[in-house]
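One structure below.
Model, not experiment: these values are computed from the prediction.
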Amino acid sequence: MTTRKTLRQLILLLAFLTGCAQNEGVKTANELLSSMQAVTAILKSVQDPASAQAAAPKLGPAYQQMIDALDKMVAYEQKNGQVRALKGTIRDLEQKVATCRAEFAAEGERVNEMKGLPAEFWEPMRLYNAKVLLAGLRATGQAEPAAMELFNQILAIYESIGAKNVVECGVANVFPSNRAETIEKLRNLCGDGAQLIEFDDPDNSNTILVVMGPVNDFDGMIKKIDFGQVTEQEKNRGQFEVALTPSPHQETLQAGFPGDATQQAGMSPHAAEAQSRAEAAQAEAMKHHEEAVARMRGEVARMGGDTSHFDSMPSIRGGGSGGRLDEPDESDPDYHKKLAEALNGGDEFQKRRAMEKLLDVEPSNVTDKEVRAKIARGFREVAFDSPFHQKDAVEGLVLWGGKHSVPLLIELMEKNSRTSVDDSIYDGLAKHPTPEGAEAVASRLTNFFDRDKAASCLKKMGPDAEEAVIEVAPIDDIDVNLFALDFLKDHGTEKCYALLQRARKSPNPQIKQAAMDAIREVRLREKEGKGEAKPAA
């Protein structure tokens, strides 16, 4: 569920931050470790509702002590810089940090997945996880102002109306056309004086996360929801998830069928005229009807909607109409040209159908250069400007633009830098590896949401990403450094020797061993393969 996922991210972010403790003064770092161990001990004690009830009063003071220690650690570093101590002392401290991180994260994950715990336990957990995240963002010194403001607002709601009166929900099937209406419906559920904060779910498209209150009657609020299906709820934790019921207009738009609803959504004059022509084209109506119903049924089913009403839809006609592409036959000499025109000038459904067709076309089979260029421009326009179908648009951009798509993919990555970047962008950059693309991907290794995607992409790039990986390491993040050393073990050349030699002298035993393993493999390649790195994964 939404809150469970959010708390998991908070726990992991804190674990990442405390990995920097080896750079602080020994006393200050030990204070932070002790406070983390105290929180971990409380979490370990939670085994059932009764033990959670007993642990609840202890959570607030323990978490606050940890936040204070984290702030003190940052202040020490700003004033004194890196700690100077005996190597043995630093090594012991690093080992304690690693153990503490692992235990804290493991216990947090375990408790995070438990159900049936009392509200008295979740109230301080929710409040102090928000406080810990905000303290962690301050500690990094790299958080964007917008992110800081968002979490400040969330914390303000918790503190002003109390965690027990705050509800968190995830709402699926939210599109630009129904977002404002959905927020207003949620606001009405809270009543007078409602406070709401809404933001995009970085992991799920067309989904928003909403923190709202005051809510005094959770069960009563759930009963009032008539605009969607509540898919999950946990009263004690103050959270629920709902999937909006698609309106007739949205079903039409998503599935791409003709009808008055598409005109109400702002159908272009050209599309409306095409719809009128379609209504007169009875000869082809029944031919397209079965295909249309099957496609619409499948898409609504994937959206979680009720498909039973499709059994009584005899009036749907599938002729070429606004919201439906007059699909040319592949034998048509202007087949690709007509698809290009639909991609550049059609409505959302026409664009989608054109993209589906063009993704199955080999660009070399289109001999007309102007048509190829128009197709590439169409994919670019959808990728940057359309709120729908970005994944297909990016795949088309890569297919039809080849290496020329790389600067555009980097631009898209930067445009979406505040959230998780779609997999299709990483796939495209991996397919056409360049130094610029590798540099852009390597910069995402420090992004909490995209680290795994970026690492996977760089592995696919292989030797082409070596310099970018060298540039990003070493940094104050042990996980990124270990990835870099593992990458260089497989793909490094003599270019990385200086970095590996520095890493070999690290007081961290994991870093030291990984560096030695990499040096051995790089030397072996130099000896047996004339320095050639392993191929990309």
Side-chain angles (χ1 to χ4, degrees), residues 16 19-20 22-23 87 91 94 98 398 401-414 417 421 423-448 450-537:
F16 154 68
C20 305
Q22 63 266 28
N23 292 331
K87 289 184 178 181
R91 182 169 57 252
E94 286 180 334
V398 174
K403 282 204 170 186
H404 298 293
S405 67
V406 170
L408 300 175
L409 295 175
I410 295 174
E411 188 176 346
L412 279 171
M413 179 174 283
E414 294 172 349
S417 62
V421 175
D423 292 1
S424 59
I425 295 177
Y426 286 107
D427 292 341
L429 291 171
K431 188 172 183 179
H432 299 289
T434 66
E436 296 79 13
E439 182 179 355
V441 174
S443 70
R444 303 292 292 178
L445 286 171
T446 56
N447 180 280
F448 178 71
D450 272 18
R451 177 175 297 179
D452 291 342
K453 295 180 184 179
S456 177
C457 181
L458 291 168
K459 288 181 179 179
K460 292 176 182 177
M461 289 182 171
D464 294 289
E466 181 186 9
E467 292 187 8
V469 173
I470 292 174
E471 286 298 318
V472 82
I475 66 171
D476 206 359
D477 186 325
I478 188 172
D479 293 327
V480 173
N481 289 336
L482 287 173
F483 161 77
L485 294 172
D486 184 63
F487 175 93
L488 294 172
K489 183 178 73 172
D490 290 338
H491 306 294
T493 66
E494 59 182 8
K495 298 176 184 177
C496 69
Y497 269 135
L499 173 64
L500 297 181
Q501 290 295 344
R502 291 200 304 273
R504 186 175 65 85
K505 300 176 183 179
S506 170
N508 186 302
Q510 289 179 280
I511 295 292
K512 183 175 182 179
Q513 185 60 54
M516 294 174 65
D517 292 342
I519 290 172
R520 183 180 64 252
E521 292 298 319
V522 174
R523 283 177 174 169
L524 187 61
R525 283 197 296 275
E526 291 286 328
K527 180 179 179 181
E528 297 181 355
K530 298 181 180 180
E532 295 181 358
K534 292 183 180 180

Query raised in the report: Is any side-chain heavy atom of K460 closer than 4.5 Å to a side-chain heavy atom of D427?
Result: yes
Query raised in the report: What distance do K489 atom NZ and L524 atom CG have between them, rounded to the nearest 0.5 Å?
Result: 12.0 Å
Query raised in the report: Can you find a heavy atom in the side chain of C496 that is under 4.5 Å from one in the side chain of E466?
Result: yes
**Report entry** Closest heavy-atom pair and its distance - P474, L499
**Finding:** CD-CD1, 3.6 Å
Report task. Kindly compute the distance separating CD (Q510) from CG (N508), expressed to the nearest 0.5 Å. Result -> 5.5 Å
Query raised in the report: Going through the checks in order, is the side chain to side chain contact (heavy atoms under 4.5 Å, CB included) test met by E467 and K495?
Result: CA-CA 8 Å; E467 292 187 8; K495 298 176 184 177; 3.0 Å; yes
Query raised in the report: Looking at CD1 of I410 and CG of L429, how far apart are the two atoms once the value is rounded to the nearest 0.5 Å?
Result: 6.0 Å
Query raised in the report: Where do L445 and A455 come nearest, in terms of heavy atoms and distance?
Result: CD2-N, 3.8 Å
Requested in this report: Determine, step by step, whether H491 and L458 satisfy the side chain to side chain contact (heavy atoms under 4.5 Å, CB included) criterion, reporting the C-alpha distance in whole Å, the side-chain angles of both residues, the deciding distance to 0.1 Å, and the verdict.
Outcome: CA-CA 10 Å; H491 306 294; L458 291 168; over 6 Å; no
Report task. State, with a plain yes or no, whether a side-chain heavy atom of L409 is found less than 4.5 Å away from one of V398. Result -> yes
Report summary line: On a heavy-atom basis, the closest approach of G402 and S405 is O-OG, 2.6 Å
Query - Any side-chain heavy-atom pair of D490 and K459 under 4.5 Å - result: no
Report task. Might you work through the side chain to side chain contact (heavy atoms under 4.5 Å, CB included) test for M461 and Y426, ending with a clear yes or no? Result -> CA-CA 10 Å; M461 289 182 171; Y426 286 107; over 6 Å; no
Requested in this report: State, with a plain yes or no, whether a side-chain heavy atom of L485 is found less than 4.5 Å away from one of L500.
Outcome: yes
Report task. Kindly give the heavy-atom pair with the smallest separation between A465 and F487, and that separation in Å. Result -> CB-CZ, 3.8 Å
Query raised in the report: Do the side chains of D423 and K453 get nearer than 4.5 Å, heavy atoms only?
Result: yes
Query raised in the report: Could you walk me through whether T493 and V522 pass the side chain to side chain contact (heavy atoms under 4.5 Å, CB included) check?
Result: CA-CA 6 Å; T493 66; V522 174; 5.6 Å; no
Report summary line: Value for CG (D517) from CG (D486), rounded to nearest 0.5 Å, stands at 9.0 Å
Report task. Looking only at non-hydrogen atoms, find the nearest pair between A468 and A442 and report the distance. Result -> O-CB, 3.9 Å
Query raised in the report: Is there a side-chain contact between V421 and L412 (heavy atoms, below 4.5 Å)?
Result: no
**Report entry** Side chain proximity check, E494 to E526, heavy atoms < 4.5 angstrom
**Finding:** yes
Report task. Specify the closest pair of heavy atoms between R444 and D450, including all atoms of both residues, with the distance to one decimal. Result -> NH2-OD2, 3.1 Å
Query - Nearest-0.5 Å distance, CZ of residue R520 to CE of residue M516 - result: 8.0 Å
